[in-house]
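Encoded as structure tokens, the structure appears first; notes follow it.
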Number of protein chains: 2
Amino acid sequence: MTHPLFTKHEATLSTALKAIRERGYWSPFNEMPSPRVYGEHAASEGEAAFKALLNNHFDVDQPGTEGKVGKEASPFGFPLSVTYPKANADVLLQAASLAQGTWRRAGPAAWAGVCLEILTRLNTRSFEIAHSVMHTTGQAFMMAFQAGGPHAQDRALEAVAYAWDELKDIPETAYWEKPQGKNPPLSMEKRFTIVPRGIGLVIGCCTFPTWNSYPGLFADLATGNAVIVKPHPAAILPLAITVRVAREVLGEAGFDPNVVTLLATDPGDGEFMQKLVVRPEIRIVDFTGSTSNGEWIEQHALQAQVYTEKAGVNQIVIDSVEDMKSAARNIAFSLSLYSGQMCTAPQNIYVPKDGIQTADGRISFDEVAGAIQQAVEKLLGDPAKAVELTGAIQNSGILERIESARGCGEVLSDSRAISHPSYPEAVVRTPIITKLDASDEQKYLKEWFGPISFIVATDSTEQSLEIAENAAASKGALTLSVYSTDEAVVENAIEASVEGRVALSINLTGGVFVNQSAAFSDFHATGGNPAANASLTDAAFVANRFRVVQSRRHVQARDSADS
Amino acid sequence: MTHPLFTKHEATLSTALKAIRERGYWSPFNEMPSPRVYGEHAASEGEAAFKALLNNHFDVDQPGTEGKVGKEASPFGFPLSVTYPKANADVLLQAASLAQGTWRRAGPAAWAGVCLEILTRLNTRSFEIAHSVMHTTGQAFMMAFQAGGPHAQDRALEAVAYAWDELKDIPETAYWEKPQGKNPPLSMEKRFTIVPRGIGLVIGCCTFPTWNSYPGLFADLATGNAVIVKPHPAAILPLAITVRVAREVLGEAGFDPNVVTLLATDPGDGEFMQKLVVRPEIRIVDFTGSTSNGEWIEQHALQAQVYTEKAGVNQIVIDSVEDMKSAARNIAFSLSLYSGQMCTAPQNIYVPKDGIQTADGRISFDEVAGAIQQAVEKLLGDPAKAVELTGAIQNSGILERIESARGCGEVLSDSRAISHPSYPEAVVRTPIITKLDASDEQKYLKEWFGPISFIVATDSTEQSLEIAENAAASKGALTLSVYSTDEAVVENAIEASVEGRVALSINLTGGVFVNQSAAFSDFHATGGNPAANASLTDAAFVANRFRVVQSRRHVQARDSADS
């Protein structure tokens, strides 16, 4: 079975398959918001398209609409005033079940082809999506473009590639012939039908609405499932645009657009969500958000395959460096980027209390801490440049957390407000860095989401690695970073990362940052510690979203058929 | 990385990989208990080896032994009087964790090589294992040999092949080079380490102790996990032999034998098991058994990946036949084989109350029922031949169930006791067949494990298929069978099987029976209805038993390295 959209995108899919095998650098969707790539007027048209959405109703032509919802506000200081259909979940589930029928029968090639067509169209709307991501998450424009647009599209294609990689290996039919000694063989034809699990529910977060939702959304679609997209109430717009594009493509390809539907809600939707995720029709849940919500789903949605990304404690172990300045510069960037509102941002920095070795001799703990503090201050010294790195603070919970961090210990570098040159109402904050002792575990061994980090004085690098390994294994972590000029220490760090099931970056001093995870190369989360039960993206992320149903019947043996 | 045992078995593994892609007929382990295949004295030596185990202590040189357990009795009428080490679970978990270290580091090729060596040795002991399966499960010898020996070994190798298929595609290292316009590229080396989930717990059943346990056991081993094997208290011996062989191979290959340990128990181990399966060290559970125990594990062992096979309602839909006699003969065999003590044995046979069409004209409902009843009676008429088909009744619960079935409706064919010519104490029973009406759902829509079946009068084939589809979807089912000469009905049956997520057999009248599932070709269970949450064997069965942990560091760009 094939499909015109599969044929259209087959070359891209083939390259993607090669990329997931090699896991070197590959990015089909260009991360540069450049007119040469996206077209001369793409930037202005995208911004205009975004602005046209503001102060308007965003309609989705799907059944079960009963009124409107929508209370998003830009962290840059204005309400979006966009409303969305308020969906009756029962009607949406029915519509999705109905749409599932023809979609399921279309088969793997159609699923992959439609996914690739949706992604290609989303890519052309990267500027519009970038603005919608920026003004829901608080990301600065460049990050909103890259992470919200092409990088999210890359991750989505990666999921489609893994799905196709599994599906293509299941034969549609097989001829089975079992010898019976001197008697004629037993011979059968077997037919294998790929059957999706059912309806997938994708639950988005408020910081990376597209990047974190696309893998689940596209893994579901690429394995034949219908999907209900449930954005975070604070970041609906980027996923609403996505759903609209998906529905357009589905409709044009002759499928029921209700294969993908939008379930927008207003804040305070916790009870509604708890009722929804345990519905028997929901067979797959992809969730990004808090540990408490994620664990609730894992414990209660037993009717579904559940993929969660929750909180964690990301860590940096500093043992020794060539050059403290370049290490500090890299760390400072990671602490400042999107004000630490990233699931991959480092939080705890472990430094031996006796100091560390550098190429220029030994430096003290305070000198290490000072270097990081100065690097942050230098990086964020110019407000106009600073806000393009930090973006704005997504929600008031983060401001409260900064306040709490002030009481935690000795403040090495306090968080300060920056006035955004273009958006005077934007809430912008620089990182707060606090000094703690290794014994302050009850303070630093939990997630402080936001621009909050701790430089923790340890007895030794050995202790630093032990703390890091145990924290990753018991509290969860998406990233671990180590600085050492001693290869034996690096090997110990690798071992600690393996035991803690956490991805490790070694001696980052240049243009790669620990918070960054590149599709087709870096596995985002291992799925092996409490921060996430799945990885973006691997075979395990896709292989259980579908099942195979076989039928078999006798046929004439091929030998006799030939004669 | 490679390993001598990988090299030794690489050709077999390659063929297995080809087999899982094509899913035609392939069986690396010969199912014929013939001297030409297994050696002139294999049969007598195997029987002698089994007899030498009786009335003895079966020692396993593993830590934590505190006394003895073992209360197995042959369904053929004698106590085995074999005892096993009674293990302290805490010590066993510690030993498994410790053993995990070097095993984990050995890597995929070593895991696959060791698995294949274990299987090859188990194969040479197929006669000994056959007797041990026969005298714990009640299977007649031929079935005990085939299902307990080579077919179980085939299923194990299939799991190893799927595991290897996933693992081989993950590169050990990758070179990543991201262009930076006119600046030098960013370049990194990434290392990917396969990390097992942790400790697997394999919980066996009392009817197919090896066939149902091997896939989980070998999938765990092939992905680097340590495994605790917990047999059903009534069928310890086949898995004890298996564990002993696995430990021998592990030890000889230089690994800690505690990678595989035995946790034998006496009947009444429910509370002990509930405490064990929720232990944080247990990261994978493979379970075959009752719905209540399986659901308990699914609901409570949230720290683990859980793969269950539970109860279900298998069904036959009779719409029309060429020849009723050959259909009835095939059905009678399926009802009688191992006295229906198979998770794949049919239970409900739906026949339109107005009768069916045959090549010789229309026949009534009663004629269909009569044909099946006569076929069973003919098949089991000669006690000496009958017992080689039915085997013995595994446990008294099944006898009680037969008694209950008598009160269910009009008995078309009553269960009778057969005296076993060789084992006078054996409990042998022929099938009971009862007539029910479609409205008797509360009676037939639950599993009656054992030689119990119902011929259910329906309004039409349409109703039969509707009942079958709903029963599969809501109660679970491993098999569905349809008889129809009308291709449109067959297509409807395929559709019902897809909606019910159940494997379908069409018009079986020859030497293939609905209860049979061939490794490398038939997927056993779809994992999509309540009878099982996983399939034997597919990618989903293996892909989440391991994780990948990466590390990355900058390296010189290859271009500059070359210059």
Side-chain angles (χ1 to χ4, degrees), chain A residues 20-25 27 104 165-166 169-171 174-180 186 188 190-193 195 197 298-299 302 490 493-494 497-498 501-512 518 521-523 526-528 534-535 538-540 543-544 547-554, chain B residues 20-25 27 104 165-166 169-171 174-180 186 188 190-193 195 197 298-299 302 490 493-494 497-498 501-512 518 521-523 526-528 534-535 538-540 543-544 547-554:
Chain A
I20 60 172
R21 288 266 189 286
E22 298 176 353
R23 295 202 79 89
Y25 173 79
S27 174
R104 186 252 286 168
D165 197 23
E166 294 300 332
D169 289 342
I170 298 161
Y175 173 70
W176 178 89
E177 182 179 290
K178 183 175 180 178
Q180 298 294 298
L186 291 170
M188 302 193 96
K190 306 193 181 186
R191 199 201 285 189
F192 301 100
T193 304
V195 188
R197 279 262 173 209
E298 289 170 359
Q299 286 158 16
L302 299 175
V490 170
I494 292 175
S497 76
V498 166
R501 270 65 167 166
V502 58
L504 177 70
S505 294
I506 301 160
N507 294 328
L508 295 185
T509 53
V512 172
S521 184
D522 295 315
F523 290 106
T526 67
S535 178
D538 61 10
N544 217 352
R547 305 279 73 218
V548 180
V549 178
Q550 71 170 55
S551 61
R552 59 182 183 180
R553 64 169 97 190
H554 284 289
Chain B
I20 61 172
R21 287 268 189 286
E22 298 177 352
R23 297 202 79 89
Y25 173 79
S27 173
R104 186 253 286 168
D165 197 25
E166 294 299 331
D169 289 341
I170 299 161
Y175 174 70
W176 178 88
E177 184 179 289
K178 182 176 181 178
Q180 297 293 297
L186 292 170
M188 303 193 94
K190 306 193 180 185
R191 201 202 281 189
F192 302 100
T193 305
V195 188
R197 280 262 172 207
E298 287 169 0
Q299 286 159 15
L302 299 175
V490 169
I494 291 176
S497 76
V498 166
R501 271 66 167 162
V502 58
L504 177 70
S505 294
I506 301 160
N507 293 329
L508 295 184
T509 52
V512 173
S521 184
D522 295 315
F523 289 107
T526 67
S535 177
D538 61 12
N544 218 351
R547 304 280 72 216
V548 179
V549 178
Q550 70 170 55
S551 60
R552 59 182 183 179
R553 62 168 98 190
H554 284 289

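Chain A is the first sequence line, chain B the second, and so forth, proteins listed ahead of strands; every chain is numbered from 1. Every heavy atom of this structure was used, including side-chain atoms; hydrogens, water molecules and symmetry mates were not.
Residues B/G24 and A/W176 share a closest heavy-atom pair of C-CD1, 3.6 Å. Across all non-hydrogen atoms, the minimal contact from B/L186 to A/G511 is CD1-O, 3.6 Å.
Interface remark: of the candidates A/V548, A/N507, A/T509, A/I20, A/V548 forms the most heavy-atom pairs closer than 4.5 Å to chain B. Contacts with chain A were tallied for B/D165, B/I494, B/V490, B/L508; B/I494 has the most, counting heavy-atom pairs under 4.5 Å. Of all the listed residues (B/K190, B/R547, B/H554, B/E22), the one sharing the greatest number of non-hydrogen pairs under 4.5 Å with chain A is B/R547. Of the listed residues A/P179, A/A493, A/A543, the one with more heavy-atom pairs under 4.5 angstrom with chain B than any other is A/A543. Among the candidates A/G510, A/A534, A/A174, the residue making the largest number of heavy-atom pairs closer than 4.5 Å to chain B is A/A174. Ranked by heavy-atom pairs under 4.5 Å with chain B, the list A/L302, A/V498, A/V195, A/N544 is led by A/V498. If you tally non-hydrogen atom pairs under 4.5 Å between each of A/G528, A/G527, A/S497 and chain B, the highest count goes to A/G527. Highest contact tally toward chain B, considering only A/E298, A/Q299, A/R191, is held by A/R191 [criterion: heavy-atom pairs under 4.5 Å].
With a 4.5 angstrom heavy-atom cutoff, B/K178 touches chain A via backbone and side-chain atoms both. In this structure, the portion of B/T193 lying under 4.5 Å from any heavy atom of chain A is its side chain and not its backbone. Only the side chain of B/D538 comes within contact range of chain A, with heavy atoms under 4.5 Å apart. Within the 4.5 angstrom heavy-atom criterion, only backbone atoms of B/V502 (N, CA, C, O) approach chain A. Contacts between A/Q550 and chain B at a heavy-atom distance below 4.5 Å involve backbone atoms as well as side-chain atoms. Heavy atoms of B/E166 lying under 4.5 Å from chain A belong exclusively to its side chain.
Side-chain contact check for A/R23 versus B/I170: every heavy-atom pair is 4.5 Å or farther apart.
For the atom pair B/Y175 OH and A/S521 OG, the distance stands at 11.5 Å (nearest 0.5 Å).
In this structure B/T526 satisfies the side-chain contact (heavy atoms from CB on, under 4.5 Å) test together with A/V549, B/R501, B/N529, sequence neighbours excluded. Considering only residues two or more places apart in sequence or on other chains, B/R197 meets the salt bridge (Lys or Arg N to Asp or Glu O under 4.0 Å) condition with none of them.
Of the listed residues (A/M188, A/R553, A/R552), just one forms a side-chain contact (heavy atoms from CB on, under 4.5 Å) with B/I506, and that residue is A/R553.
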